[in-house]
Amino acid sequence: MTLNPLLRRRMDNFKANKRGYYSLLLFLVIFILSLFAEFIANDKPLLVKYDDNWYFPIITDYPETTFGGELPTPADYQDSFVIKQIEDHGFMIMPPIPFSYNTINYHLDVPMPAPPSLTNLLGTDDQGRDVAARLIYGFRLSVLFGLILTVCSSVIGVIVGALQGYFGGKVDLLTQRFIEVWSGLPQLFLLVLVASVFFPSFTTLLCVMLLFSWTALVGVVRAEFLRTRNFEYVKAAYALGVPDWLIIFRHILPNAMVATITYLPFILCGAIIALTALEFLGMGLPPGSPSLGELLRQGKENIEAPWLGISGFVVLAVVLSLLVFIGEAFRDAFDSRKDVR
């Protein structure tokens with residue numbers, strides 16, 4: 001398959017930026033691994049063999065009676081009785097980290113938060129939950145939240161900017177004045193206020209943050225449409241009677257998407273930072289959710305446990321740095337003034 005010469009040049013420019021290229025590869029590897037967090041950090045076995053029968057507790061819940069117990073409730077694989085029953089009649093394979101994000105380690109020899117040990121590689125938080133497991137789940141939740149928010153806000157921003165730039169006149173004037181007023185509002189204060197009124201949930205927080213994040217791309221797309229709508233091929237399409245929506249999406253929008261794509265990693269950074277800030281303030285996701293911001297808040301409240309703040313800071317700094325490097329590489333790749341180095 002032969003690639004378009006322009007696309008080939010952009011890909012070569014992106015690969016020439018070694019820092020951005022390897023940052024993208026590293027970010028994809030970490031993110032893909034985090035999608036399988038249940039197979040990496042979980043308090044349920046990956047596989048159990050009991051009396052020549054095979055069980056997959058990580059996929060299906062089994063009652064304790066399945067493994068010789070007396071209670072019909074789901075089996076607790078941290079319980080010494082269940083462990084002994086399985087070991088006497090077979091074996092079980094646990095994930096590399098035998099704790100989920102909400103699993104409490106009741107077998108600690110020191111007060112909580114416990115320092116790093118062979119059992120809890122990065123220690124525990126002030127409730128006895130494994131820090132490494134919460135980092136893995138928290139990273140996945142933060143990135144997925146940021147990706148959904150970035151996509152939704154980009155779609156709305158592109159549509160609004162396209163309508164402004166294409167039609168101009170009163171549509172552009174009124175919409176621009178509204179955006180200027182809306183962007184001038186204290187966003188973080190309003191986010192905290194709204195988040196404190198509504199019950200915190202993934203969907204609620206996403207909708208609240210979407211109210212303010214959609215303006216990020218409006219100016220870029222508007223400027224590109226104002227420039228491109230005066231090109232001869234656009235005027236020719238309009239003179240031939242091509243519908244406005246077809247001119248917008250087929251003839252002008254592809255040019256505007258070049259600038260839009262270069263902004264996406266930075267918008268994703270802003271979404272992750274905003275979510276972390278709300279969680280740090282206690283206005284984020286429901287209590288108990290895996291959260292980088294909540295881990296940073298615990299580090300602030302437990303100065304004697306530096307592993308909490310350091311772990312959260314390192315993960316957040318690495319993720320944001322990778323996204324910034326990726327954004328810079330995309331910006332260079334789509335810059336027509338740059339040649340392959």
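It should be emphasised that the depicted structure is a prediction, and the values quoted were computed from it without experimental measurement. As a basis for the values below, the full set of heavy atoms in this structure was taken, side chains included, without hydrogen atoms, waters or symmetry mates.
The distance from atom OG of S142 to atom CD1 of I273, rounded to the nearest 0.5 Å, is 11.5 Å. Taken from CD1 in I248 to CZ in F167, the straight-line distance is 4.5 Å, to the nearest 0.5 Å. Rounded to the nearest 0.5 Å, atoms CD1 (I310) and CG (L122) are 11.0 Å apart. Between the CZ atom of R229 and the CD1 atom of I252 there is a distance of 9.0 Å, given to the nearest 0.5 Å. Rounding to the nearest 0.5 Å places CG of N17 at 11.0 Å from CZ of F330. Within the model, atoms OG of S80 and NE2 of H107 stand 7.0 Å from one another, a figure rounded to the nearest 0.5 Å.
In this structure, G146 and A271 approach most closely via the heavy-atom pair CA-CB, 3.9 Å. When all heavy atoms are compared, the tightest approach of F67 to P63 is CD1-O, 4.1 Å. Of all the heavy atoms in N42 and M94, the pair that sits closest is O-CE, 4.0 Å. In plain terms, the two heavy atoms of F99 and T103 that are nearest each other are CD2-CG2, 3.8 Å. For the pair P115 and V110, the tightest heavy-atom approach, listed with the atom from each and the gap, is CD-CG2, 3.8 Å. Residues G293 and E279 share a closest heavy-atom pair of N-OE1, 3.4 Å.
Side-chain contact between I136 and I97 is present, with heavy atoms from C-beta onward closer than 4.5 Å. The shortest side-chain heavy-atom distance between L35 and R140 falls under the 4.5 Å cut-off. At a threshold of 4.5 Å between non-hydrogen side-chain atoms, the residues L206 and L210 do not count as touching. Looking only at side-chain heavy atoms (C-beta outward), N302 and P113 come within less than 4.5 Å of each other. For the pair I93 and P45, the minimum side-chain heavy-atom distance is 4.5 Å or more. Between R9 and N13, some side-chain heavy-atom pair lies under the 4.5 Å cut-off. Side-chain contact between C269 and V324 is present, with heavy atoms from C-beta onward closer than 4.5 Å. Taking 4.5 Å as the limit, some side-chain heavy atom of Q164 sits within range of a side-chain heavy atom of V160.
Formation of a donor-acceptor pair under 3.5 Å by the Q78 side chain with backbone atoms of P98 is found in this model. The closest donor-acceptor contact from the side chain of Q85 to the backbone of G69 lies at 3.5 Å or more, if one exists at all. Looking at D51, its side chain never comes within 3.5 Å of a backbone N or O of N53 through a donor-acceptor pair. Without hydrogens or angle criteria, R134 side chain to S289 main chain gives a donor-acceptor distance under 3.5 Å. R331 places no side-chain N or O within 3.5 Å of a backbone atom of T262 that could act as its donor or acceptor partner.
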inquiry  = As a quick check of understanding, evaluate salt bridge (Lys or Arg N to Asp or Glu O under 4.0 Å) for E232 and K235, giving each step before the final call.
reply    = CA-CA 5 Å; E232 292 182 357; K235 291 182 178 180; over 6 Å; no

task = I would like to know whether E294 and R129 meet salt bridge (Lys or Arg N to Asp or Glu O under 4.0 Å); could you show each step before the answer?
result = CA-CA 13 Å; E294 190 258 352; R129 299 171 299 190; 3.4 Å; yes

query = Do L264 and T150 pass the side-chain contact (heavy atoms from CB on, under 4.5 Å) test, and can you show the C-alpha distance, the side-chain angles, and the key distance before you say yes or no?
reply = CA-CA 7 Å; L264 292 182; T150 300; 4.0 Å; yes

task = Decide yes or no on side-chain contact (heavy atoms from CB on, under 4.5 Å) for V242 and R250, but give the supporting numbers first.
result = CA-CA 11 Å; V242 178; R250 176 177 292 182; over 6 Å; no

ask   = How far apart are the C-alpha atoms of Y238 and D244, what are their side-chain angles, what is the distance that settles it, and do they pass the side-chain contact (heavy atoms from CB on, under 4.5 Å) test?
value = CA-CA 8 Å; Y238 183 78; D244 290 332; 3.8 Å; yes

Worked check of side-chain contact (heavy atoms from CB on, under 4.5 Å) between V221 and F225 = CA-CA 6 Å; V221 177; F225 267 75; 3.7 Å; yes

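Classified by interplanar angle (parallel below 30°, tilted 30° to 60°, perpendicular above 60°), the ring pair Y263/F266 is perpendicular.
Within a 6.0 Å radius of CG in D88, other residues, nucleotides and ligands contribute more than 12 heavy atoms. In F231, the CZ atom is crowded: over 12 heavy atoms of neighbouring residues, nucleotides or ligands sit closer than 6.0 Å. In this structure, F36 places its CZ atom where only 12 or fewer heavy-atom neighbours from other residues, nucleotides or ligands lie under 6.0 Å away. By the 6.0 Å contact criterion, CD on E180 is enclosed, its count of non-hydrogen atoms from other residues, nucleotides or ligands being greater than 12. In this structure, Y233 places its OH atom where more than 12 heavy-atom neighbours from other residues, nucleotides or ligands lie under 6.0 Å away. Annotation: Y22, atom OH; neighbour count of heavy atoms from other residues, nucleotides and ligands within 6.0 Å does not exceed 12.
A salt bridge links E224 with R227: at least one charged nitrogen is closer than 4.0 Å to a carboxylate oxygen.
Taking hydrophobic clusters as Ile, Leu, Val, Met, Phe, Trp and Tyr residues chained together by side-chain heavy-atom distances below 4.5 Å, Y77 does not share a cluster with L71. L121 and L292 are members of different hydrophobic clusters when ILVMFWY side chains are connected at heavy-atom separations under 4.5 Å. Residues L226 and L173 are members of separate hydrophobic clusters, defined by side-chain heavy-atom contacts under 4.5 angstrom among Ile, Leu, Val, Met, Phe, Trp and Tyr. Side-chain heavy atoms closer than 4.5 Å link hydrophobic residues (I, L, V, M, F, W, Y) into clusters, and following such links, even through other members, never connects I58 to I40. Hydrophobic clustering (side-chain heavy atoms under 4.5 Å, transitive across Ile, Leu, Val, Met, Phe, Trp, Tyr) groups L322 together with L135.
Each ring-ring contact (aromatic ring centres under 6.0 Å, His included) pair with one or both residues in residues 109-154, not counting sequence neighbours, appears once here: Y101-Y137, F145-F202.
When the options T119, N120, T124, D43 are evaluated for a side-chain hydrogen bond (donor to acceptor under 3.5 Å, both in side chains) with N105, the one that passes is N120.
Considering only residues two or more places apart in sequence or on other chains, V29 meets the side chain to side chain contact (heavy atoms under 4.5 Å, CB included) condition with L33.
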